[in-house]
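Sharing a structure with you now.
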2 protein chains.
Amino acid sequence: MSEQEKLDQARERVIETVSQNMNLYGIAPSIGRLYGMLYFKNTPMTLDEMKEELGMSKTSMSTSVRSLLELKMVEKVWKKGSRKDQYRAEEDWHQTFVDLFTTKWRPSISMNIGAIEKSIKEMEQIITEKTADAEVLNAAKADINKLYEALAYYDWLGRLVDSFESGEIFNLVPKEKNE
Amino acid sequence: MSEQEKLDQARERVIETVSQNMNLYGIAPSIGRLYGMLYFKNTPMTLDEMKEELGMSKTSMSTSVRSLLELKMVEKVWKKGSRKDQYRAEEDWHQTFVDLFTTKWRPSISMNIGAIEKSIKEMEQIITEKTADAEVLNAAKADINKLYEALAYYDWLGRLVDSFESGEIFNLVPKEKNE
DNA sequence: TAGTTTGTACAGTAAAAACTGTACGAACTG
DNA sequence: CAGTTCGTACAGTTTTTACTGTACAAACTA
C-alpha cells in the first residue's frame, strides 16, 4: 500500500466516525460524509469537485451543501477568477456545536412553550367554566401541574442554549483541559 | 365539543409538539408520541393498553417501549395481581435530558476519539518512515494538526457530558429561574 | 401436565427518506 | 444578442426505515 493510500485510509476512518456522530444530531450520513471530506481539504471546493470526489449527483451536492450552510457548518467563499461557488468547512467544532444547537433547538423550544401555554389556558378554562364533571376536572388539574413542570424544563433548556450561544458554557466546561 | 374532548385536544397538542421535539434528538415520531401519551397517564400502562390507545400493533409497542427503556424515559413497574408488564413515563425531564445525552453521546465520543487517535498514529508513522514524497508528507502533517484539534473538541464534549451526568451543569444553568 | 397468556424475533409489507436526471432560470461571455 | 455555464426545482426512482402479522419461547395457571 502506498503512503498516499495509507493517508487516505486514515482520513476515511475519521470521516466515517465523524459522519456517524453527526447522524446522532439528525444529520444524514451522506451529508456528514460530505462535511468530513470538506474538513480535510485545505482549499475550498466547488459542487462539481464534491460530486467528483464522492461519486454522487450534483443535485445532491447542492442540497447537502445548503443543509450544511444552514447549520453554519460550511461557508461560501469568494474566489477570484471562478464563476463557480466555492465552499469551505467550518473548522472550529466548538463553534459548530454551539451553532447547531442554537439553530435546531431554539425554534423547537419556542414551539413547545407556545403549545404548552396554549394548552394550559384551555385547561384552566375547563376548570373555571365549572360545567365539567369531577373526573374531567381532576384530570385537567393534574395535567396543568404536569404542564407547569414541562414549562419549567423548556425554560431551563432555553437558558442552557443561551449559555451555549453566549459562550458562558466555556466557563463551566473550559475548552482547554486544566491539568 | 365536550369538556372531555377539549381536554383531549389540549393534551394532543402538547403530545404532538413534544414528539416533534424528541424527533430532534433522533427519536422516531411514533416513539415520541407513545412517550407523550404515557406522560399524561397517571397510571402505568400495559402493552395492550398502549396498543389500544394508539391503534398500533403490539409488536410496535414492545419495540418502542424497549427503546424508551434504553433511554430511561420509561420504567417498568411491578403491579400486584397483573401478569402483564406495566410501564410508566419518567416525569423529570431534566433527568431525562441528562440520561439521553449520557446514553447516546458517550459511546459516540469514545468511538470518535478512538478513530482519531488511531489515524494520528498512522499519519505519524507515514512521517517517521520518510519514504513518502513531499506532497503526501505535508498533507499528513496538516491532517495531524486538524486531528489534534478534533481530539480537543471531543475531549471537551466528554467533559460537557460529565457535567450533565454529575449535575454540575445545574450550577451554571439552575433549574429554577432566579428572578 | 396440558392449556393459557405474555412478550418478542423474524420475515414480509408499507411508508418515508435519500438520491438522481431532466429541465430551466439566472448570470455570465463574446 | 445568442451561446454557455451554473445552481436548483421538481418528478421519478431507489434505498432505507417503520410497522405489522405470524409464530414461538417463557412464564404462569389449574
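Quick note on labels: first sequence line is chain A, next is B, and so on, each numbered from 1.
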When you measure from the side chain of B:Asp155 to the backbone N and O of B:Leu151, does any donor-acceptor pair fall under 3.5 Å?
no
Any residue meeting side chain to side chain contact (heavy atoms under 4.5 Å, CB included) with B:Thr131, in chain and number order, not counting sequence neighbours
A:Glu3, B:Glu129
Take the protein atom CG of A:Leu54 and the nucleotide atom C1' of C:dC19, then report the distance between them rounded to whole Å.
13 Å
Under 3.5 Å donor-acceptor pairs involving side-chain atoms of residues 69-77 of chain B, not counting sequence neighbours:
residue: B:Glu75; atom: OE2; partner: B:Arg88; partner atom: NE; Å: 3.4
residue: B:Glu75; atom: OE2; partner: B:Arg88; partner atom: NH2; Å: 3.3
residue: B:Lys76; atom: NZ; partner: B:Asp85; partner atom: OD2; Å: 3.4

My understanding is that only residues two or more places apart in sequence, or in another chain, count here; which of them pass ring-ring contact (aromatic ring centres under 6.0 Å, His included) with B:Phe164?
B:Phe97
Nearest whole angstrom, please: distance from the C1' of D:dT8 to the NZ of A:Lys51.
14 Å
Euclidean distance, atom CG of residue B:Asp48 to atom C1' of C:dT4 [Å, nearest integer]
14 Å
Could you encode protein contacts along nucleotides 18-30 of chain D as a string, one character per nucleotide from 5' to 3', using B for base contact, S for sugar-phosphate-only contact and - for no contact, with a heavy-atom cut-off of under 4.0 Å?
SSBBB----BSS-
Exercise: do B:Arg13 and A:Ser119 side chains pair donor with acceptor under 3.5 Å
yes
Distance alone, cut at 3.5 Å: any donor-acceptor contact between the side chains of B:Ser60 and B:Ser57?
yes
Quick one: B:Lys84 NZ to C:dG7 C1', roughly how many Å, whole number?
11 Å
Where do B:Met22 and B:Gly32 come nearest, in terms of heavy atoms and distance?
CE-CA, 3.8 Å
Atom-pair distance (CD on B:Glu49; P on C:dT5), nearest Å:
17 Å
Any residue in residues 68-76 of chain A with a heavy atom nearer than 4.0 angstrom to DNA chain D? Just list them by number, or reply none.
none
Test item: side-chain donor near acceptor, A:Gln95 and A:Asp99, under 3.5 Å:
yes
Whole angstrom is fine here: how far is it from CG in A:Leu47 over to C1' in D:dA9?
15 Å
Can you sort out the partners of A:Glu49 under side chain to side chain donor-acceptor pair (under 3.5 Å), two or more places apart, ordered by chain and number?
none
Between D:dC6 atom C1' and A:Trp78 atom CH2, what is the distance in whole Å?
17 Å
Going by side chain to side chain donor-acceptor pair (under 3.5 Å), name the residues that satisfy it together with B:Glu168, two or more places apart in sequence or in a different chain.
none
Considering residues at least two apart in sequence or located in another chain, which fulfil the side chain to side chain donor-acceptor pair (under 3.5 Å) criterion with B:Asp8?
B:Gln4
Strictly below 4.0 Å, heavy-atom distances to any atom of DNA chain C: list the hits from residues 11-26 of chain A, or just say none.
none
Using ring-ring contact (aromatic ring centres under 6.0 Å, His included) as the criterion, list what pairs up with A:Tyr87, not counting sequence neighbours.
none
Hey, what are the protein-to-nucleotides 12-17 of chain D N/O distances that come in under 3.5 Å?
none

Ring pair (Phe, Tyr, Trp, His ring centres under 6.0 Å) contacts touching residues 126-153 of chain A (sequence neighbours left out):
A:Tyr153-B:Trp93, A:Tyr153-B:His94
